[in-house]
Amino acid sequence: MLFKFNKMRISFVVALTLLISSFSYVKATDGICEVIEVDKGQPIYQTKFKASAVQSLIQKQQENYKLTFAKAKGKVGELLARNVIENGEVETFAGYVSITTMFKNQGCTIQETLRSKADQGIDDIYVALKSDGWIDQSFPPIFHEAKYDGRCSLKLKDTVTLCRQLSFQWLDGNLKKVQKRYASVADICLNDHNQFTITSCTGCKTKFKENINWLSDMLADGDFYRTASLLCADGTLSIYNVHGL
């Protein structure tokens, strides 16, 4: 499904709501990590699901995909955030979709390339679309980290080699890893079990490479936004701005 939207409305809403998180970042230098802060004062969006429904989704993720309880919780937090965003419930994300959804709509699958085998990397990247269903590069990407926490506490992790999650260094390092994984990927088309293939494998790989290079360029230019979501055990889902200091 292609998403149609008014460019002026999107540009205004995104710029106004995410202004504080836009160009404040520190490029990677030896021994220096960008300081990252979640704006917990006021979520840009909040809703509440039934706690029993959330627990049921977690159980289904465990059973269907053979995930540990911890990974299943994280996956549900990611999927529920994506669901409300792509359904247009979050004004800040008006007209944006997950880059994973964009590729799936075009007959390509990128999940295994975007994330490591240990399911590590950027949780989600949201982009605006053109009428042909591909990225509208006149709008900045939104890098998103999704969390689930039973105590309802949102914390971005500090990593040993790439600084804190959503920092410039962390984003840059993970995009470089994606580029390396891409070089060894033989096929990122939807397989026979998906019943259809819209774009050829060559087309998928070409577009994937172009889009990852564009994301890297936008990151280097400081033309990007960052957000984080938190799903609590009681079913509360909140989305916050994230910015560098």
Side-chain angles (χ1 to χ4, degrees), residues 1-5 10 13-14 17-18 21 38 43-51 53-62 64-65 67 70-116 119-129 133-136 139-149 154 156 165-166 171 174-175 178 188 190 194 208 211-212 215 224-233 235-242:
M1 176 180 179
L2 300 181
F3 291 75
K4 296 182 180 179
F5 51 86
I10 293 175
V13 172
V14 173
T17 310
L18 297 176
S21 63
V38 179
I44 58 178
Y45 174 81
Q46 191 170 76
T47 190
K48 189 167 184 177
F49 300 95
K50 289 185 178 180
V54 171
Q55 294 307 311
S56 178
L57 287 173
I58 292 172
Q59 184 176 353
K60 287 181 180 179
Q61 285 289 318
Q62 282 186 278
N64 294 343
Y65 300 101
L67 300 178
K71 286 190 175 182
K73 289 189 296 182
K75 182 58 67 175
V76 169
E78 181 181 327
L79 292 175
L80 287 182
R82 183 183 298 173
N83 185 59
V84 299
I85 289 169
E86 294 188 337
N87 283 343
E89 298 178 35
V90 188
E91 188 176 21
T92 302
F93 287 80
Y96 276 70
V97 302
S98 168
I99 194 171
T100 301
T101 299
M102 179 194 75
F103 272 99
K104 184 177 181 180
N105 289 341
Q106 295 288 355
C108 313
T109 177
I110 65 168
Q111 192 64 26
E112 293 183 359
T113 309
L114 199 60
R115 306 289 292 273
S116 70
D119 199 30
Q120 296 174 332
I122 303 169
D123 279 347
D124 230 328
I125 303 170
Y126 291 93
V127 294
L129 301 183
W134 291 111
I135 294 177
D136 186 337
F139 294 97
I142 302 173
F143 296 104
H144 184 80
E145 185 69 16
K147 298 291 185 184
Y148 177 101
D149 190 86
L154 176 56
L156 297 176
Q165 290 176 315
L166 289 181
L171 292 169
N174 275 292
L175 287 178
V178 171
I188 61 172
L190 293 175
N194 296 99
F208 184 74
N211 291 166
I212 295 302
L215 288 170
F224 62 93
Y225 301 114
R226 295 173 280 201
T227 54
S229 59
L230 173 65
L231 178 62
C232 305
T236 301
L237 174 69
S238 304
I239 300 178
Y240 300 91
N241 280 326
V242 176

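These values consider heavy atoms only, across backbone and side chains, with no hydrogens, waters or symmetry-generated copies.
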Test side-chain hydrogen bond (donor to acceptor under 3.5 Å, both in side chains), reference S229, set R82, E78, H144, E145, output is H144
Full working for side chain to side chain contact (heavy atoms under 4.5 Å, CB included) between Y126 and T227: CA-CA 10 Å; Y126 291 93; T227 54; 5.6 Å; no
message: Quick one, Y148 with I58, criterion side chain to side chain contact (heavy atoms under 4.5 Å, CB included). Give me CA distance, side-chain angles, the key distance, then yes/no.
response: CA-CA 11 Å; Y148 177 101; I58 292 172; 4.0 Å; yes
Next on the checklist: Looking at A146, is its backbone amide N or carbonyl O close enough to the side chain of D123 to form a donor-acceptor pair, meaning the two atoms are under 3.5 Å apart?
Outcome noted: yes
Would F224 and I125 count as a side chain to side chain contact (heavy atoms under 4.5 Å, CB included) here? Give the steps.
CA-CA 10 Å; F224 62 93; I125 303 170; over 6 Å; no
Counting C-beta onward and ignoring hydrogens, is there a side-chain heavy-atom pair between [X] and [Y] closer than 4.5 Å?
{"X": "F93", "Y": "I44", "value": "yes"}
{"X": "I122", "Y": "L175", "value": "yes"}
{"X": "L129", "Y": "N105", "value": "no"}
{"X": "L154", "Y": "D149", "value": "no"}
{"X": "K147", "Y": "L156", "value": "yes"}
{"X": "L80", "Y": "L57", "value": "yes"}
{"X": "T236", "Y": "L231", "value": "no"}

Heavy atoms of F103 and N211 approach each other most closely as CZ-OD1, 3.3 Å
Original post:
Just by distance, with hydrogens left out, do T101 and E86 show a side-chain donor and acceptor under 3.5 Å apart?
Top reply: yes
